[in-house]
Amino acid sequence: DCLCLELCAQRIRVLEPPEQQQQSGPPSLSMRDSYRALRAQGMSSTGAISATLLSNIQDDYGAKMGINVGEEFRVAYEWARRSNALRRRSGSSLPCRVILGDRPVMLTLIRAWESLSFFGKLRLIVAL
């Protein structure tokens, strides 16, 4: 058995419970500070803008809908962990493998950003 999550390696932290993400991750940053932090880590301007905008959109949607972003991934991952624990207790040697099956999120964001016209980018930024 295996569990394939539509998640890339860069977003693996989404599998941590929200409380743990707050403890292990950086404190909440403004969009400007988030952009600067990503640029300081060597990310391109396009990548940093895309990541910052996506994070802001996801957080906004999650807050409006009263959900934790990435909760479906956490639930599925926890199911696989529990399934593996039960298999070990029953003597099964075949664990449920977790496979991350998505391209890097930055590639998707960069492609989406670069596909927008200048005015499309401007409209997106103003809408946020």
Side-chain angles (χ1 to χ4, degrees):
D1 291 335
C2 71
L3 170 68
C4 183
L5 296 175
E6 190 178 356
L7 193 64
C8 66
Q10 290 105 347
R11 296 183 57 223
I12 194 76
R13 282 195 55 235
V14 81
L15 298 178
E16 297 175 359
E19 329 59 75
Q20 198 173 345
Q21 289 178 23
Q22 292 296 326
Q23 293 169 0
S24 65
S28 294
L29 301 173
S30 70
M31 285 181 68
R32 177 179 290 151
D33 291 339
S34 180
Y35 169 81
R36 288 180 179 159
L38 292 171
R39 288 289 292 144
Q41 294 173 10
M43 190 177 286
S44 70
S45 291
T46 302
I49 289 170
S50 299
T52 302
L53 292 175
L54 176 66
S55 178
N56 188 50
I57 291 168
Q58 287 179 326
D59 290 345
D60 188 46
Y61 283 157
K64 287 179 182 175
M65 297 176 71
I67 61 169
N68 292 321
V69 175
E71 186 67 23
E72 68 278 17
F73 296 119
R74 281 187 288 280
V75 169
Y77 181 69
E78 185 58 33
W79 174 87
R81 290 184 58 211
R82 287 182 184 161
S83 174
N84 285 339
L86 290 173
R87 289 168 190 240
R88 280 191 294 276
R89 278 188 242 145
S90 68
S92 174
S93 62
L94 296 173
C96 177
R97 293 180 43 211
V98 176
I99 299 169
L100 300 180
D102 202 3
R103 74 176 107 188
V105 67
M106 291 314 305
L107 178 61
T108 302
L109 294 175
I110 289 169
R111 286 181 177 175
W113 180 257
E114 290 176 349
S115 73
L116 295 173
S117 68
F118 171 77
F119 291 107
K121 291 174 185 173
L122 187 61
R123 279 192 297 260
L124 178 62
I125 291 169
V126 168
L128 299 174

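Residue numbers run from 1 in the order of the sequence given. It should be emphasised that the depicted structure is a prediction, and the values quoted were computed from it without experimental measurement.
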- With a cut-off of 6.0 Å (strictly less than), are more than 12 heavy atoms of other residues, nucleotides or ligands near CD of Q58? yes
- So do the side chains of Y61 and I57 get within less than 4.5 Å of each other, counting heavy atoms only? yes
- Task: Drop me the distance from Y35's OH to N56's CG, to the nearest 0.5 angstrom.
- Result: 15.5 Å
- Beyond-backbone contact of R39 with S45, side-chain heavy atoms, under 4.5 angstrom: yes
- Main-chain N/O of C96 paired to N84 side chain as donor or acceptor, under 3.5 Å: yes
- Task: Taking all heavy atoms of W113 and all of K121, pick out the closest pair and write down the distance.
- Result: O-CE, 3.0 Å
- Message: So, applying side chain to side chain contact (heavy atoms under 4.5 Å, CB included) with L5, which one of I99, I12, D102, L15 is it?
- Response: L15
- Message: So, taking the atom named CD in E72 and the one named CG in L7, what distance separates them when rounded to the nearest 0.5 Å?
- Response: 9.0 Å
- Message: Using a 6.0 Å cut-off, check whether atom CZ of R87 has over 12 heavy atoms from anything other than its own residue.
- Response: yes
- Message: Show the nearest heavy-atom pair for residues A80 and V98, with the distance to one decimal.
- Response: CB-CG2, 3.9 Å
- Charged N to carboxylate O under 4.0 angstrom, E78 versus R74? no
